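Sequence lines set the chain letters: A, B, ... in the order given, protein chains first and strands last, and positions in each chain run from 1. Computed from a predicted model, the values in this text were never measured in an experiment.
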Amino acid sequence: MAHKLKIASTSLAGCFGCHMSLLDCDEKIIELLQQVELSRSPLCDIKQVADCDIGIIEGAVANSENVEVIRQFRAQCKTLVVLGACALNGGIPALRNQYSLAECLQESYIDGMGLENQLIPQDEDLPEILDQVYPVQQLVKVDYALPGCPPRADMIWQCLSALVAGQQPELSSELIRYD
Amino acid sequence: MASFSIDQQPIEFEPGQTILQAAMAAGVYIPHLCFHPQFSAHGSCRVCMVRIDGRTASACTAPAAAGLEVENLSDDLQALRRDILQMLFVEGNHLCPSCEQSGACHLQSVAEFCELLMADLPFQYPRRMVDASHPDWVLDFTRCIHCELCVKASREVDGKSVFSLTGRGFDTRLVINAPDGLLVNSEFASTDRAASVCPVGVFLPKHQGFKTPIGQRKYDRHSIEQITEE
Amino acid sequence: MSPEQAQTIFEDTRQRFAGAADDTRLLQYLVDIQHRYHFIPPPAIEALQQILHLTRAQIESVIDFYSFLHSDQAIRYRILFSNNITDRWAGSAAMMQRLTVALHGCEDAGIALTACSGLCDQGPSMLINGRAIGRLTPSRIDDIAALILSGVELEDWPESLFMIDNVIQRSDRQLALSCQPAAALRRAIELGPDLILQTLNESGLRGRGGAGFATATKWSLCRQASADQRFIVCNADEGEPGTFKDRLLLAQYADSVIEGMTIAALTVSARRGFIYLRGEYRFLLEPLQADLQRRREQGLLGSAILGQAGFDFDIEIHLGAGAYICGEESALIESLEGKRGIPRIRPPFPVTHGYLGQPTIVNNVETLFSVERILQKGAKWFSEIGTEQSRSSRLISISGDCEEPGVYEYPFGVSLRQIVQDCGGSDAQAVQMAGAAGTTVLARDFDRCLSFEDLATGGSFMVIGKQRSLLDMLQNFAWFFRHESCGFCTPCRIGNHLLPELLQRFAEAQATGHDLRQLKDIAETMHRSSFCGLGSSAPTALSDALEQSPEIFTAGMASSSDNPAFDLSAATREYRTITETESW
Amino acid sequence: MIKITIDPVSRVEGHGKITLQQNEQLEITQARFQIAEFRGFEKFIQGRPYWEAPVLVQRLCGICPVSHHLAAAKAMDQLVGVDQIPPTAEKIRRLMHFGQVLQSHALHFFHLSSPDLLFGYDDEVRHRNIVGVINDYPELARQGVLLRKYGQEVIRITSGKRVHGTGAIPGGVNKNLSVAERNSLQQDIDQIVDWAESSVELMKQIFLHQAEWQKNFATIDTHMLSLTGQGGALELYDGTLRACDRDGKVIFDQQSCDDYLDLINEHIESWSYMKFPFLKTLGVEQGWYRVGPLARINNCDFIRTPLAEQQRQIFKSQQSDGKPVQATLAYHWARLIELLYCAESIRELLDDGDLLGDELTAQGEMRLKGIGVIEAPRGTLFHHYEVDEQGLITRANLIVSTTHNNQAMNESIRRVAQDSLSGQELTEPLLNQLEVAIRAYDPCLSCATHALGQMPLQVDLLDAAGKLQSRKYKQAGN
C-alpha cells in the first residue's frame, strides 16, 4: 500500500477563514481526506503535531504561543504551506501595528465601553502578546504561500492535490487573488 | 514603419515613442505602475524593467529604436519584477482584504499578474494619519507608492499644485499644499483629475466604498494585461 | 516667536530677495536663511512664497530634502559629526560622545551625524553650522564645548579651530605645473573651438568623476545641440566618502579650474557657468568668490574676455546643502534650478537638455583642472603617460589606515601595491576604491591597476587596516546610503532602508541562512533595477564582500537555517513592561 | 496539587485553553476556560473610514463572517441615517444571513461534533473525527458537506465570495440576485430542506436515545438572552432583546438594541483575554447568561416556518414544566432546528420577487453613532461604532457571541470536572468530556470547529507551593 501523506494544520492569529476555504473544496475534500492521514488539525483530536509531510498554517504571529506553534510546525513538517493574508503580510490583525500594544490594551481593558472593572489580563497561563503582529515568513521559511483573504478554494485545491500526488503545484496568476 | 521586437513579436513604433508607449499602442502588455499614458514618463517604480539587446532598462524611459530586441515576460524578468513589487508591498500598508480599491488596484493586479505569492522582506507597517478633512475624499497616505501621478495631474490637468512629494529616501512622502497640510484647505476640488489617477488606494471617495460587487470590479472582469488605461 | 519677530523676519526676507526674485535660486535663499536664523522660520517661508510664487509645499519639500536645512526650530549651534568610516576609525564616536556629555542639557546645541565631510585626511571632523573643523582631539572637543557653553558667536571662535590642511603627498606632472593665469585661455582663443576639441580629443582626457566619458565628445555634443543658451557646470559636490582632492584643487588650483570652465564656455559658446559647491565646503566659498572677482577684474571673466568681442562668460557659485545625490549630474542640475535633487530621466542627457532644459556641460573639478593643463602644455605632454585607455595621471585622495594620508597624483596604470606602499599602508587587508559605492580590493589583488580598464575611481582610496572589521565598514556604508538615497525609485529607496537592519543581525551574530540569502537578493535587485547610479552601486561593497569575504558573514550567523532570525524576547518586552506597570 | 492545561484551545475568536487544578485527593479545585488571544479590533479600527467596517470586521471570524459583516452594516445604516433599507436590500441581507447560519450549523454538526455524537466521547482518537464519519456514514457525511456547500453558495451569490465578501454596504447592498442566480439556488433547495429535516430527526434520536445522560451532562441553569422578532418569533437578522431567567420568566423584553449598554456590562478577569458580560441589573455574580441556539429556541414563542416550528414543539416538550431546556448538549438539537428554519426560510425567500429588485440602497443624514445587533450562529452579536464629523471611526465596541457564553462555558466545564473527573486519574477520554462540553457551545474561537481537539493536553504536576514538578502531555493518537 502506498504511503499515505500525513497532514497537519493549525490557525494562529487569524479568523479560520482559510480553513473554511479549504473546506470549500466541497465534495473534493472528502476525496482528499481519504487519501491522507491527519495529524494535529482542527478536524480531529490529535493534540500534537508529529512528523508530517505537509503542514498547513493560517493566521499571523501575534503572541508567544503562536511563535512556539509555528516553530514546532516548521520543525515537524517537511513542506510548509502557508495560507492567507494574515500569515503572509499580517492581514487585518496587522492593522494593530498602527498603534502601540499599550494603546490597544488600554482601549480594550481600560477605556472600553460598558466595563465593570479595569485591568489588563496577565496570568502565567496566558501567552505574552507581541509588540506587533508579524507575518509567518518573518519567523520561518515558507515552502508554498497561497495569498488571499482567504485564498480561493481552487488555489488551495490545486496546491494540495498536486502535493498529495507528489507533484510541484503550479500557482498561476489566474488563481492568485489578494483580497 | 520602423519596428523592433518584444519577446520575438514585431512592434511598430512612431519616432519619439518609448518602448512602453509603442508596446501599449500595439496591445502588448509590459507590467508597469508609475506610468500613465496621459502623463510624461516618471521611471520611479521600476516594474517595467525589460532587457533591451541584453541590457536591463525600464521600458517607460527607453526610446524605441529600429531593430531592438526586447525581452519582456521571461522568467528572470518576472522574478525581478516580483522582487521590486515585494519591496512596495513591505513599504506601505497594502492590506488588500479591507481596501476598497481591491479589484481595481494596479499594484494588486500587476502583482497578481506577476505571480507574486508573498513578500519575503521585513514589513515596515508605516504609521501615518488618514486625511479625511475634505467632504468628498479621504486620503490614506500609507498606501502611496510615490509615482507622482497625482502631483502631475494636479499641475498639468487641474492647473493647480495641490500635491508634492517631500522628504528624502525612505522618508519620502506625499504632502498637500495647504497652510495646515489638510486637503480641505487646499485648492483641491472633488472632480480633480488628481483624485482619479492614483494607481493604488490613496484616494478614496467618501461614502462610496465597496459599491461595486465582487465579480464586477475592473480587474475581476479582465486581468490587467487586457485593459488599456483611460 | 512673537508676532513682531515674525513680521521682522518676513520683511527682512522679502527685502533681501525680492529684488532679483528667481525661483531657480530657491535653494540658495534657503541656505542663506538657514545661516542667518539657524533654521528656516515660517515667516521666511511665507515671504518666499510671496516673492517666488511658489506653494508652501513646494518650498517645504525642498527644505525637507536637504539635510542641512531645518524648518522645525532654531538651534544656535548645529553640530554634525562626519560619520565616514575613516572618521570612525579615527575615533569620531568617542569625540561625539565626549561632546554630547559636555553639552548635556544645553538647549543651544544639537548634535547629529552627517555623511563624509571631506576631511578624511584630517579626521575625525565635524561641521558646526556648516563650518568644518578637523583633527578633533579630546582637548579640541573640550575647547568647543566651552565656547558653546559660554555662548561665543561662531564668528568669534579662534581661527585655529577651523584650519584646514591641504596636503599633497605626491605630485606628478599635473600638480607640479603651476597655474599661469590666462596662458591656457589665450592658447584656447588662438586655437578656436574646433582645434580645442581636437586637442582634447588627442589628449585622451576622460571625465574624472568616475564614469570616464571622453571630455571632447561631451563638449562636441553640447556644441552641436541647437539651443538658445548653453551652460558650464563645475561639479564640486565632492560627496564620495573618502575623497577630498577636489577640495584641494579648489583651495590651491582654483584659477586652473575656473580657467577650464572658461575654456569650455569658449568652446561651446556658453555665457553662464556655475560652480556647484557642496555645503560641507562652505569654507571655500569666500576664497572662490575672491578668485572669481579677481579674474573679472583681470578681464578673464565677464564680457569680452581678453578683449575678444562676444566672448562673454561669468560664473556663479551655488551651494549644496547636504545631499550626496546631487553629485549625480542630473540631480545636480535639478538642485541648481532650486529643486529637490532627484535625478532626471536619461535620455535626454544634460549635454543636450540640462540646466533650464538647455545644453549643459557638467564636468568634475579635476576634469576642468586637467583641461587647463592640457591647453597650457599640449595634448602630447598630457597623454604621453598612462595606459592605453587611461591617458595621463589622476589625483587620488588617500585616507584610512596609512601613515601619510593626503592627495597623491599618479600616472594611470600604477598598481595598488605601489600606492599602498607609498602611503604607508603596509598593514592593509584591503582598499576601498571609489568610496562607499566602490569596490573593495583585498590585499591579494593589490597587483591590480588604477585605470579605467581595471579599477576606476572617483578619487577616493581608503586603506583598510588588518585590525578593521569589514562588516563594520559595510554597516557604515549601509547607514550612509540609507541617509543619502533620494527616495525616488523603489529598489534604492526600500533596499537601502532594509539593508542596515539585516546587517545588524550579522553584527549581533543572530543571522541565519535566510538572512544571508536576503542580503544577496536585495543587493541584486538594487543593482539591476535602480534608476540611477546611486542605487545600482550602493550594494557594490556588500556584493564584493559576499563574494570575496564570505567568512565575515558566516561569523555573524547563529545558524545556517532557512528561517529568519527572530528575537522573541525583544518582541514580548513591551507586553511585560505594560503588565508589570502598576499604574494602570 | 496537579495542574492540567489543555492548550491551545484555539478558536474562540482566537485561542483558548482549559486549565484544571487537582489536589492530592485528585479533587478538581479549579477549572478555567481561558482565552489566550488578543487582537485589539476595537483599537485598530479607530481612524478608519466607517464604510470599511463591514468588510474589515468580518475578519474577526471566517466561519460566521456574514454575521459580523451584517451587524456592522446595520450599524452603518444608522450612521448614514437610514432606518429602513429598501426591501430588496433587506431581503438580500436576510438571504445571505440564512446562508451563513445554515452553513455554520452544518459545519459544526457534521464536520466537528458528529463524531462525538455518533461514536461517543470515548471512541478511539484516530477514528473520532470527520474521516471516521466519512468511512462509517458516507451518505451522512456527504449530506453534511453539501448542506454546507449550499449555504456557502448562497453567501457567494449575495456577497461575491464564499468567505469575506462585500455584499452589504451602508444603507443597503451592492447587488441583487439575477434570475439565473435565483434559479440556480432554487434548483437544490427542496433537497436541502429534506436533508435539514432528516438531520434534526437524527439529532433528536441521538438525544432521546441517551436522554438521561444528555440532559445532565455539563448542564447548568442559566438565564438566556436573544433577539426575538414580531410577536416573539425566532429571529436571526433583526428584532428586540429578550432575556429570560433560569425558570423562563422574562427579565426584560422588547428592549431596543440601541440601549444595550444599559442592559449589559462586561467584567474582566486577569486570567483571560476574553471578557465576561453580565446583565447589569443582576450584577457580575448573578447576571451571567447564555446565548445561541439554545437560548433562541428557548426564548422564542414560535418559529415562522412550519417544519421547524413542529420540531421546536417537540424540543420544548422535553421540559414538562414549561421551563427552559437547560441541557448543554441540547444546543446541538436546537442548532439543527435552526438549520431547518434557515433552509425553509431560504426556500420561501427565493420565491420573493424583491430579491431581483433594483433599489439597492437608501440614503439619509449622517449620524455619529451606530449600533447593529444580529443573531450570529453562536448567539447575539453587538457592534457599536462612533464616528467623527469626517466619517472616521473614533470608537468601537464589539461583544461577540462567544463572549456572552464565557461564564457559561466555564461553569459547564466545572460541572463536568466535578461530575466526571474529580477523584480520578485523568485519561484522554475523560478530558475529552471537557471538550465535548465546550464544543456544545460551538464557541467561535475562530469559530469552534472540532478545534478543541487540537489542544495538546498538558498535565503539570505542581508542588504545594505551585511550583512545577513535572509535566506530561496527555497525548492521543500518533
Side-chain angles (χ1 to χ4, degrees), chain B residues 92-105 108 112 123 125-143 176 178 180-186 188 190 195 200-221, chain D residues 41 44-60 62 65 68-69 72-73 76 79-82 92 96 155-178 181 360-361 363-366 387-394:
Chain B
N93 291 332
H94 299 288
L95 301 172
C96 300
S98 65
C99 178
E100 65 192 80
Q101 203 61 24
S102 266
C105 169
Q108 181 187 56
E112 288 172 355
F123 281 79
Y125 302 117
R127 293 180 187 177
R128 279 179 198 147
M129 287 304 295
V130 165
D131 180 348
S133 61
H134 195 274
D136 299 324
W137 290 88
V138 175
L139 301 184
D140 185 338
F141 295 104
T142 67
R143 297 168 178 167
I176 292 161
D180 53 4
L182 292 175
L183 190 64
V184 70
N185 295 321
S186 72
F188 178 80
S190 299
V200 289
V202 175
F203 290 79
L204 308 170
K206 275 191 175 175
H207 318 297
Q208 308 292 315
F210 305 102
K211 279 210 165 154
T212 310
I214 294 171
Q216 295 172 35
R217 300 171 306 183
K218 190 170 175 189
Y219 299 116
D220 288 337
R221 288 171 288 140
Chain D
F41 266 77
F44 68 61
I45 196 168
Q46 292 178 6
R48 299 308 309 169
Y50 71 85
W51 57 89
E52 276 182 13
V55 176
L56 199 157
V57 295
Q58 67 181 328
R59 266 74 185 189
L60 275 163
H68 290 285
H69 183 57
M76 295 310 127
L79 277 178
V80 299
V82 173
I92 291 281
M96 193 192 300
I155 295 170
R156 184 186 64 78
I157 287 170
T158 49
S159 78
K161 274 163 74 189
R162 281 182 164 197
V163 182
H164 301 324
T166 65
I169 55 176
V173 293
N174 65 16
K175 78 183 284 281
N176 58 10
L177 243 54
S178 69
E181 287 166 338
L360 301 183
T361 55
Q363 285 185 321
E365 281 289 303
M366 273 296 289
V387 298
D388 60 20
E389 303 284 346
Q390 302 181 341
L392 300 185
I393 294 170
T394 56

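Summarising the geometry of D/P49 relative to B/V138, their closest heavy-atom pair is CG-CG1, 4.3 Å, with the distance given to 0.1 Å. What you find for D/N174 and B/F210 is that their closest heavy atoms are ND2-O, 3.0 Å. The minimum heavy-atom distance linking B/P97 with D/V55 is given by the pair O-CG1, 3.5 Å.
Using a distance-only test at 3.5 Å, with no hydrogens or angles considered, no donor-acceptor pair links the side chain of D/R59 to the main chain of B/S98. Between the B/K206 side chain and the D/Q390 main chain, a donor and an acceptor come within less than 3.5 Å of each other.
To the nearest 0.5 Å, atom CE of residue D/M366 and atom NE2 of residue B/H207 are 6.0 Å apart. Put simply, OG1 on D/T166 and CD on B/E100 are 11.0 Å apart, with the number rounded to the nearest 0.5 Å.
When each of B/D220, B/V130, B/L95 is scored by its heavy-atom pairs under 4.5 Å with chain D, the top score falls to B/V130. When D/E52, D/M76, D/Q58 are compared by the number of non-hydrogen pairs under 4.5 Å with chain B, D/E52 comes out ahead. Looking only at heavy-atom pairs under 4.5 Å with chain D, the residue among B/P135, B/S133, B/C99, B/G215 that has the most is B/S133.
With a threshold of 4.5 angstrom between heavy atoms, B/D140 approaches chain D through side-chain atoms but not through N, CA, C or O. Proximity to chain D is absent for every atom of B/S102, based on heavy atoms less than 4.5 angstrom apart. Proximity to chain B (any heavy atom under 4.5 Å) is restricted, for D/I169, to the side chain, taken from C-beta onward. For D/P170, no part lies under 4.5 angstrom from a heavy atom of chain B.
When D/K175, D/K161, D/R156 are each tested for a side-chain contact (heavy atoms from CB on, under 4.5 Å) with B/I214, only one passes: D/K161.
Counting non-hydrogen atoms of neighbouring residues, nucleotides and ligands closer than 6.0 angstrom, the CD atom of B/Q208 exceeds 12 such neighbours.
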